[in-house]
Amino acid sequence: MGSFAQFHKRSIADRDNFWAEQAKTIDWQTPPQHICDYSNPPFAKWFVGGTTNLCHNAVDRHLKDRGDQAALIFVSTETEQEKTYTYKDLHLEVQRMAAILQSFGVVKGDRVLIYMPMIAEASFAMLACARIGAIHSVVFGGFASHSLATRIEDASPKVIISADAGSRGGKVVAYKPLLDEAISLSSHKPKAVLMVDRHLSEFAKVDGRDFDYAQEREKHLNAQVPCEMVESTHPSYTLYTSGTTGKPKGVQRDTGGYAVALASSIPNIFQGKPGETFFCTSDIGWVVGHSYIIYGPLIGGMATILYEGLPIRPDGGIWWSLVEKYKVSVMFSAPTAIRVLKKQDPALLTKYNLSSLKALFLAGEPLDEPTAKWISEGLGGTPIIDNYWQTETGWPILTICNGVEKAPSKFGSPGKAVYGYDVKLVDDQTGEELTGANQKGVLTIEGPLPPGNLQTVWGDDARFVNTYWKTVPNKMVYSTFDWAVRDEDGYFFILGRTDDVINVAGHRLGTREIEESISSHPNIAEVAVVGVADQLKGQVAMAFAIAKDASALGDATACLKLEGEVMKVVDSQLGAVARPSRVLFVSALPKTRSGKLLRRAIQAVCEKRDPGDLTTMDDPMALKQIQDVLG
Ligand code: ATP
Ligand code: MG
């Protein structure tokens, strides 16, 4: 093991040699001629001249040494299914799916939209696309017709792969009517719709357009579909961002750079080894699911668990029982899921043998200290490793790379800049780099973005340049749109999104800081703080909180009492300037489907504006509650 500082330094100062070495961890048909072509910034081309295939690297190349080893472990607590596919099995299924796609005329470069629940066939579909050079666009199965329609319109898929239904908490959620409606709303029409029929929900078939997966699969049981070797820069997929701050952006990913980035991240970041099991609890509809349910673990020769179900059904021990049963060595989840578990009996955390588990990784939103402490104590010392990244980057920007050099974590910090990322904090007004410790700036990345990051916004190069590279004055750098500080040891702390900063009488405050402070009150489970326009002060902070023990909020006086206590906490920790003008209590907060707080929507409601694009919102009632408590 070397020093991480050296490793990181080399990745920037000796970029091409560093990545040429990393590139050797995947199979190439033709090795790359040119490691990084950055002749047309900010468009970076990685491993130019190389030809390879994602599916080959995820599946075929393992057949020789680990064909009989588990590759995909499908577990559904919704339909009581549990099935392990070896690498050989996966290879067969993916070829069958690829043959079906070819029978519909899908060729390299065509788009295939995947709108599916968390079932094994969804992974066959993704890998089959990669196999034949088609570009997949997975749309989260929880989205309804409007969100789906905008994505169909944008991706213009030749084929859509879907299923009759998903299931959540034992309740069947029919997909087909939503899909039919989405197709009718969209001006683009797919040539074929392939339906996986789980027999959960009856559906109407459109003659000539809709095909049954089981029937088609029968026709191609012995299919042999070779991997189509594509240029490293060939797009592998498009995926939309969560839409927390506005209209979702269609992130376009390459092939070679992505494969190399993931291959290197498995040992260096996640400490995963071939033959071990990776359990990522995300959904294939999100970037974490793309990188760490499907491609990363498989490229790394690991078994991956694809889990359909809630973390608390049949009980809050289900995930840990899977860790024991499948000897999971790497687990990846999100703070929002841990907060759900926090409401369950903590004894469930210690009921199972978790000795195989090296670490639990969390990403997607800020990991608050109480949640981090709760889970790390509950798991009896399993390291909890926060990692910060974006749909755009495809793999972590900030974390602790324990596979390179063991280093301690700090509560509240995702860690240091990952190798390959030339992270700079800059002043948003002047564009000047902030090099001192504990200075607050916008977290930016100096181009070229490392392998695996977005190539562009699908079909809209101008949006890529203007959205990400033109927001910092006097400088062309990639903006993450997140505020951060870096301490004297190089650990970053994310303070919130750049549009979540509020300006109270000239004081610029991060909503995240105020939320952290409020969360430290023992009876606060969760809170959202937004800045609301105020004639006197410019803006004031407003807080919407969920109490851990709602019975303490029996009447208006009790609410006022807790509100007063919360304000005192903020006064003492941050100063009166950060004190919210009101702390109002609700039972749910508006979030995106991926569990991110929709502060922009809350803010709009507070300011009596139109909340805008809400297609990615999880529970519309939560926003209604905000409206109600505002009176
Ligand atoms: P949009 O860009 O469409 O508004 P989004 O930014 O929520 O949506 P994602 O790419 O899913 O879409 O989320 C990335 C963002 O999530 C980051 O920019 C950051 O704000 C937040 N985030 C992710 N991981 C962490 C983490 N470990 N700590 C703090 N924030 C995180
Ligand atoms: Mg974003």
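In this chain, residues are counted from 1 in sequence order. Remember, it's 1-based here, ligands and their atoms both numbered in the order they're listed.
- Environment of CZ in Arg463: crowded, with over 12 heavy atoms of neighbouring residues, nucleotides or ligands closer than 6.0 Å.
- For an aromatic pair to be called close, the ring centres must be under 6.0 Å apart, and Tyr237 with Tyr258 satisfies this.
- Contact record, Gln539 with Ile502: OE1-CA, 3.2 Å, taken as the closest heavy-atom pair.
- For Asn453 and Tyr478, the side-chain atoms include no donor-acceptor pair closer than 3.5 Å.
- Among protein heavy atoms, the minimum distance from atom 14 (C) of ligand 1 is reached at Trp389 O, 3.6 Å.
- If you check the side chains of Ser519 and Asp368, you find no donor sitting under 3.5 Å from an acceptor.
- Of all protein heavy atoms, the one closest to atom 2 (O) of ligand 1 is Lys249 NZ, 3.3 Å.
- Scanning all protein heavy atoms for the shortest distance to atom 9 (P) of ligand 1 gives Thr391 OG1, 3.4 Å.
- Only the backbone of Glu365 comes within contact range of ligand 1, with a heavy atom under 4.0 Å; no side-chain atom does.
- Nearest residue to atom 21 (C) of ligand 1 from Gly364, Ala334, Gly595 is Gly364 (criterion: closest heavy atom).
- Surrounding NZ of Lys424 are more than 12 heavy atoms belonging to other residues, nucleotides or ligands, all under 6.0 Å away.
- Atom 19 (C) of ligand 1 has its closest protein heavy atom at Asp482 OD2, 3.3 Å.
- Heavy atoms of Gln390 found under 4.0 angstrom from ligand 1 belong to the backbone as well as the side chain.
- In this structure, atom 4 (O) of ligand 1 lies nearest to the protein heavy atom Thr245 OG1, 2.4 Å.
- Dense packing is recorded around CD of Glu446, with more than 12 heavy atoms of other residues, nucleotides or ligands lying under 6.0 Å away.
- At least one donor-acceptor pair under 3.5 Å links the side chain of Trp458 to the backbone N or O of Asp154.
- Protein heavy atom in closest approach to atom 13 (O) of ligand 1: Lys596 NZ, 3.0 Å.
- Each of the atoms 24 (N), 26 (C), 27 (N) of ligand 1 lies under 4.0 Å from some heavy atom of Asn387.
- Atoms of ligand 1 found under 4.0 Å from any heavy atom of Pro366, numbered from 1 in the order shown, are 28 (N), 29 (C), 30 (N).
- Among protein heavy atoms, atom 11 (O) of ligand 1 sits closest to Ser242 OG, 2.7 Å.
- Looking at Arg339, Arg497, Arg512 one by one, the single match for salt bridge (Lys or Arg N to Asp or Glu O under 4.0 Å) with Glu365 turns out to be Arg339.
- Among protein heavy atoms, the minimum distance from atom 6 (O) of ligand 1 is reached at Arg497 NH1, 2.8 Å.
- Close approach of ligand 1 to Glu392 is summarised as follows: ligand atoms under 4.0 Å from at least one heavy atom of the residue are 10 (O).
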